[in-house]
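This report concerns only the one structure given below.
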Amino acid sequence: MAYSAAEIEAKWQKAWDEAGLFRATRSADRPKYYVLEMFPYPSGRIHMGHVRNYTMGDVIARHKIATGHSVLHPMGWDAFGMPAENAAMASGGHPKDWTYGNIADMRAQMKPLGLSIDWSREFATCDPEYYGQQQALFLDFLEKGLVYRKNAVVNWDPVDMTVLANEQVENGRGWRSGAEVERRELTQWFFRISDFSEELLEALDSLDDWPAKVRTMQENWIGKSRGLQFAFGLNDGPDGHDRVEVYTTRPDTLLGASFIGISPDHPLARQLERERADVAEFCAEARRGGTTEEALEKAEKLGFDTGLTCRHPFDNAWELPVYIANFILMDYGTGAIFGCPAHDQRDLDFARKYDLPVISTFAPAENEGFPLPEDGGEAYVPPKTETVIYVRGFAGDTEQTGLAAIDAAIDFCEANGVGQGVTKFRLRDWGLSRQRYWGCPIPVVHCDACGVVPEKKKNLPIELPYDEDGNPIDFSIPGNPLDRHPSWRDCACPACGAPARRETDTMDTFVDSSWYYARFTAPRADTPTVMEDAAYWMNVDQYIGGIEHAILHLLYSRFFARAMHICGHLPEKAREPFDALFTQGMVTHEMYLGAEMNEEAKGSRAKFYFPEEVCRFEYEGEPVALLRSFVLQRSVDPSDTSKLRDLWDVHYIDDQVGAEDPKLKVIPSAKMSKSKKNVVDPVNIIGAFGADTARWFVLSDSPPERDVEWTASGAEAAHKHLTRVYRIVDALVQDTGTGTPEADETLLREMHRTIHEVTGGVESFGFNAAIAKLYAFTNTLAKSNAGADAKRQAATALAQLMAPMTPHLAEELWHLLGHEGLITAAPWPIADDAMLVSDTVTLPVQVNGKRRAEISVPVDMSKSEVEKAALALEAVQRAMDGAAPKKVIVVPGRIVNVVI
RNA sequence: GCGGGCGUGGUGGAAUGGUAGACACAGGAGACUUAAAAUCUCCAGGCCGCAAGGCCGUGCCGGUUCGAGUCCGGCCGCCCGCACCA
């Protein structure tokens, strides 16, 4: 019999189905384990990243099943979002049909992987049963004041024609469309996530099993700072403006203030803009600059002297000029700053440009040790920690260290009525309104008489209309089709019954993914969750997904879990929903980049080629490639490297291939992307080698948190190995040989060591190391002189240890070896500690830290005897060269080091 | 600028402060075969040497230690996140 993945895999998947092994059930006597991979967006195709993600989760789930846990391992679809609408716009059809079609396709591609998923719990976020419960949550949030409506300046994506949350703007561009966002003033719904800033920040410390990187990123995003908020009195301001509120984290530099700066969007600037043409001109100019990183770096720091002055809070006679400056953000603090050029580089640059005074506040009388910025010098930015600084003018020139100085400054200001210490967060409330069709409708109604009225819960779900009076909804016109849909939009007010209008905005799709993990615990319930189920299954014991969700999805989910707890939908402990988080790396692949001549542009642009379109070779030590079509056209054997080199050298002289440049750059490892033509389709791999090979490969070679490079040779090697294991075990079935007791013992000791190491690897995301150990053990087994019984015992353990990674093959081996039932249901093997230690041990012997010899000694030999034996070794004597040992270090079971 | 991470053979990568390079890919030699494929065996960090063996070696410099890829300090390089944040 030969190894046939297709046959084996279909057979055992059927057997698992029939046994109902993956159906999650609450159990009184088994511990529960909830493993979850971030659910996919139904794009229509699974990719290698999915395979890697779900395989990792599957290894954990299967290991937990084998160790007697009651496991919940569900799968669903993050199914609302723009691509469905874009597809509808591009090629007709309806987002719903497109989405459900894709889900069916992807499920069909995913099932052959043999994942231990409880498919009975599957749902899509676009199922009315799901988003209806989401609407119920929204109404509960509304009642508890966790969501509210306000008029606000928002980020508008002009391409997707919708609003974006702050988190969804990257370098001034929409996270999805890449378009530069505009600022618009709209009435929008917001989640009160900022009320939870402190809690979300502090609780990060309890997330021990989260990557430190993710915690740091969230910490920075929440952005806590402590400072002083106070006002400068404004002289002769326009009506209603007699002061300028300022927030500063460096109140210790207040005596170094030399100007006031306000944002062009500051109310005072807006007022002046209306009154004065010169101000209007400057503000328009200041707003024009882009918000991209490059633009900001290049942008000049511009200021406009309003001619107004402020009074310093410590000395009313001290006047400071008020500038409007283009680098001051209205969103942060109060939109106004005081400039302290002596201790801030940007302020110093500004002061030099506009000839403003530079006043040091940290200098003792003679400025000792605190250089004032000379012309061209840099600002002295006093460190917030450690350094001892003088706080001139506060509390009688006391000497304070770092943060204490800032606190002293705040205390002084509070005592003198000059403002108060405040804590600020960068985190803003989460705007959730989206002007799109394919999302969860916000369940409220606008009534002329009653205002904004929540929909009644019994009317939920408020379903998206599928068509309009029997005609498919038209997505060819930009904007939100719900706005143009009178029969859906127009309704009766739930409060007074008068004609009213439905809210036509839908929810941000990040809302959908902020609670799906909770829904999996009771996916068919007619309430968002069922407390009994949530209490049993929550929290997610292990969550696995990409680092790209470090802020958005994970922060929103943490907020949502808290909000759901407040509304009685989740138990207290689930306020942090994910006990452990693992962020896996990407699957990368080689990429071929060429230059395509562009006649019109009279230049060239990047063009990508499929790996099968190129011939690879080395040229001057660099990997390079030529177009295969070009090589064949010259009748050159693609495997003849020297001929390829010749072609590489001469092709410009004898160029008859037209505009295409046959020379290609090789990028050995790039993220798989359709447009870069370097995607490997899992379906093809599974077709060629089987799911077990794909699973084995994505787990081997690279640590799970790092990127793994897909190579054809690696995939083939994985398949060869699995075939070899099958062959070895298959041969064992007929084997009746007897071995020496020593050979049996050696093999079984190695077996226990392997059980020990692989178990450790599986439990700590050391999948690559576990696989390396399984390779090594396979080699040991293949070469062993042990008897058939010992070998079969070893092979059984091998199959069990491989089962989480290559479950189909493992079942087949289990069966070949004559075991009953399913390996998936068999208990995990346990290493016998007694077999992990041997009678003798080989120690390296060092002389002055350099290894000179090895010595094999009984494991219980005394230190002094080991020392004696080591010193007697010829190689050691030679290395000591007649010198007497000063000291001999013997670490039992580890090493001997002779110091001379 | 702030924060975090990483740097080991031709390649991916192993290594609780204790024999650096496990395991695999690519490579080389051989066996089997008419041949190829498949399979099996062996070699393989660099330099010197017939060999035994020796010297060097985990980005660079220094430190702690009997002993450092691992810990500490300082550089260099790369990657990631955040950022006109007051």
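Every chain is numbered from 1, with letters handed out A, B, ... down the list of sequences. These numbers come from a predicted model, not from an experiment.
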Inset, instruction - Under 4.0 Å between any heavy atoms, over every strand shown, what does A:K720 touch: base, sugar-phosphate, or nothing? Just pick one. - result: sugar-phosphate
Inset, instruction - Quickly work out the A:R346 CZ to B:C2 C1' distance and round it to whole Å. - result: 14 Å
Legend entry - Residue whose nearest RNA chain B nucleotide is more 5′ - A:M217 or A:I337: A:M217
Legend entry - A:N779 and A:R724: side chain donor to acceptor below 3.5 Å: yes
Legend entry - Distance, P atom - from B:A36 to B:A29, rounded to whole angstrom: 13 Å
Inset, instruction - Please report, rounded to the nearest Å, how far the P atom of B:G81 is from the CG atom of A:L552. - result: 13 Å
Inset, instruction - With heavy atoms under 4.0 Å as the rule, sort A:I328 into base, sugar-phosphate or nothing. - result: base
Inset, instruction - Ignoring hydrogens and angles, answer whether the base of B:C66 and the side-chain atoms of A:N897 contain a donor-acceptor pair closer than 3.5 Å. - result: yes
Inset, instruction - Could you tell me whether A:R878 and A:E874 have a side-chain N and a carboxylate O separated by less than 4.0 Å? - result: yes
Legend entry - Whole-Å P distance, B:C79 and B:U8: 14 Å
Inset, instruction - For B:G45 versus B:U58, give the span between their P atoms, rounded off to a whole number of Å. - result: 16 Å
Inset, instruction - Could you tell me whether A:K224 and A:E219 have a side-chain N and a carboxylate O separated by less than 4.0 Å? - result: no
Inset, instruction - May I ask you to verify if any side-chain N or O of A:N768 is less than 4.0 angstrom from the OP1 or OP2 atom of B:A14? - result: yes
Legend entry - A:E750 with A:K773: basic N within carboxylate O range, under 4.0 Å: yes
Inset, instruction - For B:G9, decide between syn and anti, treating a glycosidic angle within 90° of 0 as syn. - result: syn
Inset, instruction - For A:Y247 and A:E245, test the side chains for any donor-to-acceptor distance below 3.5 angstrom and give the result as yes or no. - result: no
Inset, instruction - Name the residue closer to the 5' end of RNA chain B, choosing between A:A212 and A:I771 according to the nucleotide with the nearest heavy atom. - result: A:A212
Legend entry - Donor-acceptor pair under 3.5 Å, A:R894 side chain vs B:U16 base: yes
Legend entry - Presence of A:R878 side-chain N/O under 4.0 Å of B:A52 phosphate oxygens OP1/OP2: no
Inset, instruction - For A:E716 and B:A38, give me the distance from atom CD to atom C1', rounded to whole Å. - result: 13 Å
Inset, instruction - Ignoring backbone atoms, test whether A:Y775 places a side-chain nitrogen or oxygen under 4.0 Å from the OP1 or OP2 oxygen of B:A24. - result: no
Legend entry - Touch class at under 4.0 angstrom, heavy-atom based, for A:D347 against every strand present: nothing
